[in-house]
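What follows is one structure encoded as structure tokens, with my remarks underneath.
Residue numbers begin at 1 in each chain, while the letters A, B, ... track the order of the sequences.
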Protein chains: 2
Amino acid sequence: MLSTSSKYAIKAVLFLALHSNENHKMMVKDIFQRINVPQQYLAKILQELSKKDIISSARGPKGGFYLSDTNKTLPLINIVDVIEGRHRLQSCMLSIKECDSQNPCALHDLVGNANSYFLKNLEETTIEKLIEDIRDGKAILPL
Amino acid sequence: MLSTSSKYAIKAVLFLALHSNENHKMMVKDIFQRINVPQQYLAKILQELSKKDIISSARGPKGGFYLSDTNKTLPLINIVDVIEGRHRLQSCMLSIKECDSQNPCALHDLVGNANSYFLKNLEETTIEKLIEDIRDGKAILPL
DNA sequence: TCCGAAATGTGACATTTATCATATTATCCC
DNA sequence: GGGATAATATGATAAATGTCACATTTCGGA
């Protein structure tokens, strides 16, 4: 439903949201073990996110990746849009283009409104909001 | 959520359920266009399903693939078990092993009970049942 | 102003998944 | 029994995804 890359990206962004800010940037080598993602792969992912302004970065000494306040207001869907696009999230379980509730495929009812529910949440939930819930104990964050 | 192979397999099985029986077997070359699956790829998939007794087959003239009455009583999950196993259906959106409702990952609530609902339906819905619904007009079958 | 720290850019390599091609084996029918 | 037919077996190729390595650029600090 999400590619490995997207999962890694989300984990990394949430980690940065919790542990970094403009005055406390974090380097790849201090992140990768903590979220269990291969170092070089993580580097590539963070660079893509940075280029698309999902996260922020600074080069040189004292540099690293971090989330600005603006970054934190973005919805989660932006992360997966940058990493893999949205095709994997489309709802039809048999990948039939014309499939919808008016013209459902054979499996349509078996999956229910699962995908659209998930997609809607990705669109509506901001990083900020998710982190707040975690801080408030409303959500847990095993990474 | 399902691999392309599984989707092809499900389409093919449903097609066979509707159009074949012990006295009317069907050849790959008469199926693949109708369900829009590459011929050789479909052949390979049908062979795997046949070897695992999800579908039936006969060689030589008048041979082909078909679904026996016994085959039709199998739940849909058997198809995906044979083709790709069950890992892709596991519920955690971040692929975290320890993730469950007691110890939910950050995205757990965003996906809700979607996957478990889908999995349950795959386990409980037999090919037979699905075909009946289609025949009764309760479900539609664009392949 | 130079050294080293860190992201960035580029591309090679590995793995998985999807697709195609071809030779082999079993079965029916004459 | 021999020829045509259709599944079966094996493996080659292609494409997408995931992983690694290294050279380059930018920037801070002594």
**Message:** Walk along nucleotides 22-30 of chain C from 5' to 3' and tag each nucleotide B, S or - by protein heavy-atom contact under 4.0 Å, base first, then sugar-phosphate.
**Reply:** ---BSBBS-

**Message:** I'd like to compare against my own output: the B/S/- annotation of nucleotides 12-18 of chain D with a strict under-4.0 Å heavy-atom distance to protein.
**Reply:** -----SS

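Sequence neighbours left out, not one pair with a member in residues 21-49 of chain B passes salt bridge (Lys or Arg N to Asp or Glu O under 4.0 Å). Within the structure, salt bridge (Lys or Arg N to Asp or Glu O under 4.0 Å) pairs that include any residue of residues 109-119 of chain B do not occur (at least two apart or interchain). Sorted by first and then second residue, the side-chain hydrogen bond (donor to acceptor under 3.5 Å, both in side chains) pairs with a member in residues 61-72 of chain B read B:S56-B:N71, B:S68-B:N71; sequence neighbours excluded. Counting only residues at least two apart or on different chains, the ring-ring contact (aromatic ring centres under 6.0 Å, His included) pairs with a member in residues 25-64 of chain B are B:Y8-B:Y41.
If you take CG of A:L42 and P of C:dA6, they are 15 Å apart, rounded to a whole angstrom. The separation between B:N36 atom CG and C:dT19 atom C1' is 14 Å, rounded to whole Å. As rounded to whole Å, 12 Å separates atom C1' of C:dA7 from atom OH of A:Y66. B:I55 places its CD1 atom 12 Å from the C1' atom of D:dT8, with the value rounded to the nearest Å. Distance A:Q47 CD to C:dA6 P: 15 Å, rounded to the nearest Å. If you measure from atom CZ of B:F65 to atom P of D:dT5, you get 18 Å, rounded to the nearest angstrom. Rounded to whole Å, the distance from CD1 on B:I83 to P on C:dT16 is 18 Å. Between the P atom of D:dA9 and the CD1 atom of B:I45 lies a distance of 16 Å, rounded to the nearest Å.
One finds a side-chain N or O of B:S50 lying less than 4.0 angstrom from the OP1 or OP2 phosphate oxygen of D:dT8. Neither OP1 nor OP2 of C:dA6 sits under 4.0 Å from any side-chain N or O of A:S57.
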Which pairs would a plain distance check flag for residues 94-103 of chain A, meaning a side-chain donor or acceptor within less than 3.5 Å of a matching protein atom at least two apart in sequence or in another chain?
residue : atom : partner : partner atom : Å
A:S95   : OG   : B:K7    : NZ           : 2.6
A:D100  : OD1  : A:Q102  : N            : 2.8
A:D100  : OD1  : A:N103  : N            : 2.8

May I have the list of side-chain donor-acceptor pairs in residues 119-133 of chain A shorter than 3.5 Å, sequence neighbours left out?
residue : atom : partner : partner atom : Å
A:N121  : ND2  : B:L110  : O            : 2.9
A:E123  : OE2  : A:R86   : NH1          : 2.8
A:T125  : OG1  : A:N121  : O            : 2.8
A:T126  : OG1  : A:K129  : N            : 3.0
A:K129  : NZ   : A:D133  : OD2          : 3.1

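Among residues two or more places apart in sequence or in another chain, the side chain to side chain donor-acceptor pair (under 3.5 Å) test is passed with B:S50 by B:S57. With sequence neighbours left out, A:F65 forms a ring-ring contact (aromatic ring centres under 6.0 Å, His included) with no residue at all. Judged as a ring-ring contact (aromatic ring centres under 6.0 Å, His included), and not counting sequence neighbours, B:F118 has no contacts.
Proximity of A:L74 to A:V13: side-chain heavy atoms (C-beta onward) are nowhere separated by under 4.5 Å. At a threshold of 4.5 Å between non-hydrogen side-chain atoms, the residues B:Q40 and B:V28 do not count as touching.
Across residues 9-35 of chain B, not one residue has a non-hydrogen atom less than 4.0 Å from an atom of DNA chain C.
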